[in-house]
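Let me give you the structure first, and then I'll get to my questions.
Letters A, B, ... are given to chains in the order of the sequence lines, protein chains preceding strands, and every chain is numbered from 1. The shown structure was predicted, so the numbers you read here are calculated from the model rather than taken from an experiment.
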Protein chains: 2
Amino acid sequence: MIATATGTRIATVEREDLGAQFARVTRVLIDAERPLLDARELSMWGYIVLSALATGDADTQLALSERIGYDKTRLIGLLDQLQLQGLVEREPDPADRRARRVRLTAAGRARYKAAREDVHAMEDALLARLDDAERRALHSALASLSSRGRRESSGTG
Amino acid sequence: MIATATGTRIATVEREDLGAQFARVTRVLIDAERPLLDARELSMWGYIVLSALATGDADTQLALSERIGYDKTRLIGLLDQLQLQGLVEREPDPADRRARRVRLTAAGRARYKAAREDVHAMEDALLARLDDAERRALHSALASLSSRGRRESSGTG
DNA sequence: TATTGTTATACTCTATAACTATA
DNA sequence: TATAGTTATAGAGTATAACAATA
């Protein structure tokens, strides 16, 4: 994680690293989000799984794992827990009996909806610091920056 | 770390979580930064330490640890390595013989300058996707969002 | 008695390899 | 033989406790 001076302002003419700035805001968001999810008895990854299932339903475990960028072996324990909580259910894929399809239960959908509303309220409070132009620019900037450049696919990186 | 669907676009009318968007951009920046630092034989935290020392010199280890938000016990091994690389040096604090002051060597300053230029060039390439108004708004938005609200200091969180 | 730097230890998160049952 | 799910294991990163020297 990129970090930087938090409280004290850096006394320099140089600009601050963009990565440090983004990492700091990300940390602010995560720190604000965690107690909200804790109150709903959801982990960060649990919330991400529910969010993915709420939008594109009936994924297979492997597809879900790749979609949210979470290791498939770790997803298993996470799904076990969510299933124990009654938030998701797994059923064998009729087309391929090796695979299992995952979907939200009614309770899972309700839990996700409640958590998402908490999160969005928190985000709205944060975004209230910005004026309209800043908000619009921020959203478009986030969209522009969220994909890595496709040109350098076979470079040194 | 907040994650979300990367390649596929989520088919929903709902807005995407702000935290997920920021986390994604942060990851893009880190992924772009790491090979640059690797080429300079610097870890992410090593770069952060050099950056802190380059701006506010002659910190004590504890002050440095608190300033960059890195555990003081882990800072020791990191400083050992940077010292082995000849990038920093430690000397006892004449005012308090328990403490040790850390500062950049000439080589450390040069190494940091080179790495920082690489990082800034990468950032410039990314920011070139934005127009002037977006860039200005992004910077002011990042500054506004990077501090948590001071009102809720004694809440449930 | 409290604090700085240090070491040792435990805990969490993550990545890799191997096994089963299907295809 | 290859793949989906699972289990077990090892590694990196992080946090906590305890110790020596000094205040």
Side-chain angles (χ1 to χ4, degrees), chain A residues 1-4 6 19 23 26-27 30-31 33-34 37-38 41-49 52-53 56 58-84 88-103, chain B residues 1-4 6 19 23-24 26-27 30-31 33-34 37-38 41-49 52-53 58-84 88-103:
Chain A
M1 173 81 67
I2 301 178
T4 182
T6 53
T26 301
R27 168 164 296 206
I30 290 179
D31 288 349
E33 203 163 315
R34 205 180 302 274
L37 297 182
D38 283 350
E41 292 183 51
L42 288 174
S43 67
M44 193 70 78
W45 280 113
Y47 176 69
I48 291 166
V49 163
L53 292 178
D59 277 306
T60 186
Q61 288 188 199
L62 189 60
L64 179 60
S65 148
E66 288 165 352
R67 192 167 143 212
I68 66 177
Y70 195 62
D71 197 86
K72 70 165 186 170
T73 67
R74 287 191 291 145
L75 182 61
I76 294 163
L78 180 55
L79 289 177
D80 288 346
Q81 183 194 331
L82 291 172
Q83 195 166 11
L84 262 175
V88 307
E89 55 191 5
R90 287 188 269 198
E91 61 180 5
D93 185 337
D96 182 345
R97 284 192 301 180
R98 292 173 304 180
R100 304 174 76 179
R101 300 205 154 269
V102 191
R103 65 177 167 206
Chain B
M1 173 79 70
I2 302 179
T4 182
T6 53
R24 186 139 27 86
T26 301
R27 168 164 297 206
I30 290 179
D31 288 349
E33 203 162 313
R34 205 180 302 274
L37 297 183
D38 283 350
E41 292 184 50
L42 288 175
S43 68
M44 193 70 76
W45 281 112
Y47 176 69
I48 291 166
V49 164
L53 292 178
D59 277 306
T60 186
Q61 288 188 198
L62 189 61
L64 179 59
S65 148
E66 288 165 353
R67 192 166 145 214
I68 66 177
Y70 195 61
D71 197 85
K72 72 164 184 170
T73 66
R74 301 188 341 150
L75 182 60
I76 294 164
L78 181 55
L79 289 177
D80 287 346
Q81 183 194 331
L82 290 172
Q83 197 166 10
L84 262 175
V88 307
E89 55 191 6
R90 288 186 269 199
E91 61 180 5
D93 184 337
D96 182 346
R97 283 192 302 181
R98 292 173 304 180
R100 304 175 75 180
R101 300 204 154 270
V102 191
R103 66 177 167 206

CZ of R101(B) versus C1' of dG5(C): gap in Å, rounded?
-> 14 Å
Please give, in whole Å, the distance from dA23(D) P to R100(B) CZ?
-> 15 Å
Could you tell me the separation between the CG atom of L79(B) and the C1' atom of dT7(C), rounded to a whole number of Å?
-> 15 Å
Given D93(A), which of R101(A), R103(A), R100(A), R98(A) fulfils the salt bridge (charged side-chain N to carboxylate O under 4.0 Å, His left out) condition?
-> R101(A)
Can you tell me the distance, in whole Å, between the CG atom of L78(B) and the P atom of dT6(C)?
-> 12 Å
Might you point out which heavy atoms bring S43(B) and L37(B) nearest each other, and give the distance in Å?
-> O-CD1, 4.1 Å
5′-ward residue of the pair D80(A)/A99(A) relative to DNA chain D = A99(A)
What is the distance from CH2 of W45(B) to P of dA12(D), rounded to the nearest Å?
-> 18 Å
Hey, mind stepping through R74(B) and L78(B) against side-chain contact (heavy atoms from CB on, under 4.5 Å) and telling me if it holds?
-> CA-CA 7 Å; R74(B) 301 188 341 150; L78(B) 181 55; over 6 Å; no
Taking 4.0 angstrom as the limit, do R90(A) and D80(A) come out as a salt bridge?
-> yes
Which pair of non-hydrogen atoms, one from W45(B) and one from I68(B), has the smallest distance, and what is that distance?
-> CZ3-O, 3.7 Å
Rounded to whole angstrom units, what separation is found between the CD atom of E66(A) and the P atom of dT3(D)?
-> 12 Å
Sequence-distant partners of D38(A), salt bridge (charged side-chain N to carboxylate O under 4.0 Å, His left out), two or more places apart = none
Looking for any heavy atom pair under 4.0 Å, which part of the strands does L62(B) touch: base, sugar-phosphate only, or nothing?
-> sugar-phosphate
Atom-to-atom span, CG of L64(B) to P of dG5(C) - whole angstrom = 10 Å
Send over the distance from I76(A) CD1 to dT7(D) C1', rounded to a whole Å.
-> 8 Å
Between R90(B) and dT6(C), is there a side-chain N or O to OP1/OP2 distance below 4.0 Å?
-> yes
Residues in salt bridge (charged side-chain N to carboxylate O under 4.0 Å, His left out) contact with D31(A), at least two apart in sequence or another chain = R148(B)
Which parts of nucleotides 15-23 of chain C does protein reach within less than 4.0 Å, heavy atoms only, written one letter per nucleotide 5' to 3' as B for base, S for sugar-phosphate only and - for none?
-> SBB---BBS
